[in-house]
Amino acid sequence: MSRCIRLGALASGGGSNVQSIIDHIESKRLDAQISILLSDNPEAGVLKRAERHGIPRKVIRPAAFEKRAEHDRAMIHALQQRDVELVILAGYMRIISPEFVQAFPNRIMNIHPALLPAFPGVHVQQKAAVYGVRFSGCTVHFVDEGMDTGPIILQAVVPVVPGDTGETLGARILKQEHRLYPEAVRLYSEGRLRVEGRHVLISDHRVEADQCLINPPFGGTDVS
Ligand code: GRF
């Protein structure tokens, strides 16, 4: 059973992932509401998106605080004031403090544009293209105190094709991010996620254990 969970979104940039969550909520594919959008960047495009959809928003600028922990405390306060249950990081370009993580244990999600634990950090679409991997993708994970290290909830895989750059690969990955993040939030809202150590157990789900992707496919034909 899903219940309308209260989300707090943190974003620093354009906010296409936040938009996808908004779209899923508005089309009733996701039973949730974004109770507040927080950004560290007054110029972030995501603020306009939130405004268009009547979502409360607040810019909390790091420069206004002496220490990172103080900035994070202001963020925690803003989220708690709005009774936020689940925090979603969507292109939030700051590392959050241990205090922040502890304030929302296993209640902070992040989306990362690579198949973790490969390519943590930034500019990872370009790093994957340059490295020569045959597949990349995206990962939704719970946030722990490390960087991109928390328990993995869902991953989507995309092929890397000849001539791919960070931009072309990134666009292919982003398309899947827009599907994956709302799905992870939906599983959470339905109470179907349980964290056991590094593992996220998902109740009532089916895995096709025999599926296999090969890139490039044998003999130029699809292999599945
Ligand atoms: C996405 O690629 C996300 O995976 C990463 O930052 C980017 C944010 O894009 N963490 P957008 O602002 O949601 O369009």
Side-chain angles (χ1 to χ4, degrees), residues 7-26 29-30 32 34 36-53 55 57-60 62 75 86-96 100-101 104 108-131 133 135-160 164-188 200:
L7 304 174
L10 272 57
S12 306
S16 69
N17 277 288
V18 171
Q19 184 69 54
S20 152
I21 297 215
I22 294 171
D23 293 345
H24 278 73
I25 293 172
E26 290 186 348
R29 285 172 289 168
L30 178 61
I34 300 183
I36 189 151
L37 170 89
L38 298 178
S39 184
D40 55 332
N41 171 14
E43 307 299 326
V46 69
L47 291 163
K48 290 217 170 60
R49 292 186 192 267
E51 187 180 359
R52 277 200 291 276
H53 293 271
I55 294 168
R57 58 213 168 272
K58 193 168 181 177
V59 176
I60 304 184
M75 305 279 285
L86 180 68
V87 178
I88 52 172
L89 310 185
Y92 184 61
M93 296 311 287
R94 292 175 57 80
I95 294 172
I96 63 177
F100 196 147
V101 176
F104 295 92
I108 307 175
M109 285 183 187
N110 181 43
I111 185 147
H112 182 77
L115 292 174
L116 291 171
F119 305 112
V122 293
H123 309 306
V124 295
Q125 302 94 327
Q126 192 200 351
K127 285 176 190 164
V130 168
Y131 191 94
V133 290
F135 291 100
S136 190
C138 49
T139 304
V140 180
H141 62 95
F142 283 116
V143 173
D144 65 8
E145 292 178 20
M147 193 181 60
D148 300 326
T149 54
I152 290 170
I153 304 166
L154 294 174
Q155 292 187 306
V157 177
V158 304
V160 179
D164 254 343
T165 61
E167 283 72 36
T168 57
L169 177 59
R172 196 172 309 121
I173 293 171
L174 193 62
K175 223 166 141 184
Q176 300 309 319
E177 293 186 39
H178 296 160
R179 302 173 62 208
L180 206 66
Y181 216 175
E183 177 64 7
V185 175
R186 188 177 70 85
L187 290 169
Y188 181 97
V200 179

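Each ligand, and each atom within it, is numbered from 1 in the order the structure gives. Below, each value reflects all heavy atoms present in this structure, side chains not excepted, and no hydrogens, waters or symmetry copies.
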*Start with the C-alpha gap between Asn41 and Ser12, add the side-chain angles, then the distance that decides, and say whether side-chain hydrogen bond (donor to acceptor under 3.5 Å, both in side chains) holds.*
CA-CA 6 Å; Asn41 171 14; Ser12 306; over 6 Å; no

*Backbone or side chain, does any N or O of Asn110 fall under 3.5 Å from an N or O of ligand 1?*
no

*Check: Ile111 N/O within less than 3.5 Å of ligand 1 N/O*: yes

*If you measure from each non-hydrogen atom of Gln19 to ligand 1, which part falls under 4.0 Å: side chain, backbone, both or neither?*
neither

*What is the closest protein heavy atom to atom 9 (O) of ligand 1, and at what distance does it sit?*
Asn17 ND2, 3.9 Å

*So which protein heavy atom does atom 11 (P) of ligand 1 come closest to, and at what separation?*
Ser16 N, 3.4 Å

_Quick test of your reading of the model: are Arg29 and Asp23 salt-bridged, counting only N-O distances below 4.0 Å?_
no

*May I ask you to list the atoms of ligand 1 that are less than 4.0 angstrom from any heavy atom of Pro113?*
2 (O), 4 (O), 5 (C)

*At a 4.0 Å threshold, what atoms of ligand 1 neighbour a non-hydrogen atom of Gly14?*
12 (O)

*Could you tell me whether the side chain of Lys58 reaches within less than 4.5 Å of the side chain of Leu37, counting heavy atoms only?*
no

*Strictly by modelled atom types, are Glu26 and His53 linked by a side-chain donor-acceptor pair under 3.5 Å?*
yes

*asked:* Quick one, Glu51 with Lys48, criterion salt bridge (Lys or Arg N to Asp or Glu O under 4.0 Å). Give me CA distance, side-chain angles, the key distance, then yes/no.
replied: CA-CA 5 Å; Glu51 187 180 359; Lys48 290 217 170 60; over 6 Å; no

*Are Gly15 and ligand 1 in contact, using a heavy-atom cut-off of under 4.0 Å?*
yes

*asked:* Given 3.5 Å as the limit, does a donor-acceptor pair link the side chain of Ser39 with the main chain of Val59, or not?
replied: no

